Amino acid sequence: MPPPRKSQPLFFTRKVKEIIKKIPRGKVATYGQIAAYAGNPRAARQVAWILNSSSRKDKLPWHRVINRSGKISLKPNHGYEIQKMLLKKEGVEFDKSDVIDFERYLWT
DNA sequence: AACCTGACTTCGG
DNA sequence: TCCGAAGCCAGGT
């Protein structure tokens with residue numbers, strides 16, 4: 001007989017992880033965008049939580065996720081510089097205000 | 001077991 | 001046009 005399955009609600013989390021893994025190298029996505037793809041346009045917050053919670057163990061490209069303003073949401077000395085470095089490493093450019101150009105780098 | 005919080009986004013006044 | 005509040009899911013206290 002089949003083993004008991006984990007609770008259903010993890011659907012979103014799983015979906016979000018799948019999507020994040022699909023973000024190609026050198027591209028970025030926003031929290032809201034990912035949430036929308038996962039089925040809940042307003043679940044952007046959970047996306048952030050998932051990254052903070054499972055980015056390490058699931059090897060997610062967390063650095064490719066930024067906020068709607070095209071900027072990094074992490075605070076300086078709390079990952080901001082690391083994320084910026086990782087993106088630059090992939091060829092993503094930042095303007096004078098540290099904003100990423102969606103026209104060029106947003107993953108659709 | 002209930003309440004709080006979080007790397008955000010959107011809607012209403 | 002700007003500011004305040006709600007919304008969403010899961011994990012931690």
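In this text, all values refer to a predicted model and were calculated from it rather than measured experimentally. In what follows, every chain begins at residue 1, and chains take the letters A, B, ... in the order their sequences are listed.
Nucleotides B/dC4 and C/dA6 place their P atoms 14 Å apart, quoted to the nearest Å.
Residue A/R68 has a polar side-chain atom (N or O) positioned under 4.0 Å from OP1 or OP2 of B/dT10. Dashed line: the shortest gap from a side-chain N or O of A/N40 to OP1 or OP2 of C/dG7 is not under 4.0 Å.
A/T30 places a side-chain N or O within 3.5 Å of a backbone atom of A/Q33 that can act as its donor or acceptor partner. Distance alone, capped at 3.5 Å, places no donor-acceptor pair between the A/N40 side chain and the A/R42 backbone.
Residue A/W49 is the one, among A/G32 and A/W49, whose nearest nucleotide of DNA chain B lies closer to the 5' end (criterion: closest heavy atom).
Distance check, rounded to the nearest 0.5 Å: CZ of A/R14 to CD1 of A/I50 gives 12.0 Å.
Atoms OH (A/Y31) and P (C/dC9) sit 19 Å apart, rounded to a whole Å. Protein atom CD1 of A/I34 is 10 Å distant from nucleotide atom P of B/dT9, rounded to whole Å. Protein atom OH of A/Y37 is 18 Å distant from nucleotide atom C1' of B/dC8, rounded to whole Å. One atom, CG of A/D58, and another, C1' of C/dG11, lie 15 Å apart when rounded to the nearest Å. Between A/K17 atom NZ and B/dA7 atom P the separation is 18 Å, expressed in whole Å. Going from atom CZ of A/R14 over to atom P of C/dC8 covers 21 Å, rounded to whole Å. Per the geometry, NZ belonging to A/K71 stands 14 Å off C1' belonging to B/dC8, to the nearest Å. At whole-Å resolution of the value, CG in A/N67 and P in B/dT9 are 5 Å apart.
Note on A/N52: a base of the nucleic acid sits closer than 4.0 angstrom, heavy atoms only.
The pair A/E90-A/R64 counts as a salt bridge, with a side-chain nitrogen and a carboxylate oxygen less than 4.0 angstrom apart.
Across B/dG6, B/dA7, B/dT9, the shortest atom-to-atom separation from the side chain of A/Q46 is found for B/dG6. Distances were taken from every side-chain heavy atom of A/R45 (C-beta onward) to each of C/dC9, B/dG6, B/dA7; the shortest belongs to B/dG6.
Two residues are said to be in side-chain contact when any heavy atoms from C-beta on lie closer than 4.5 Å; A/I66 and A/Q83 meet this criterion.
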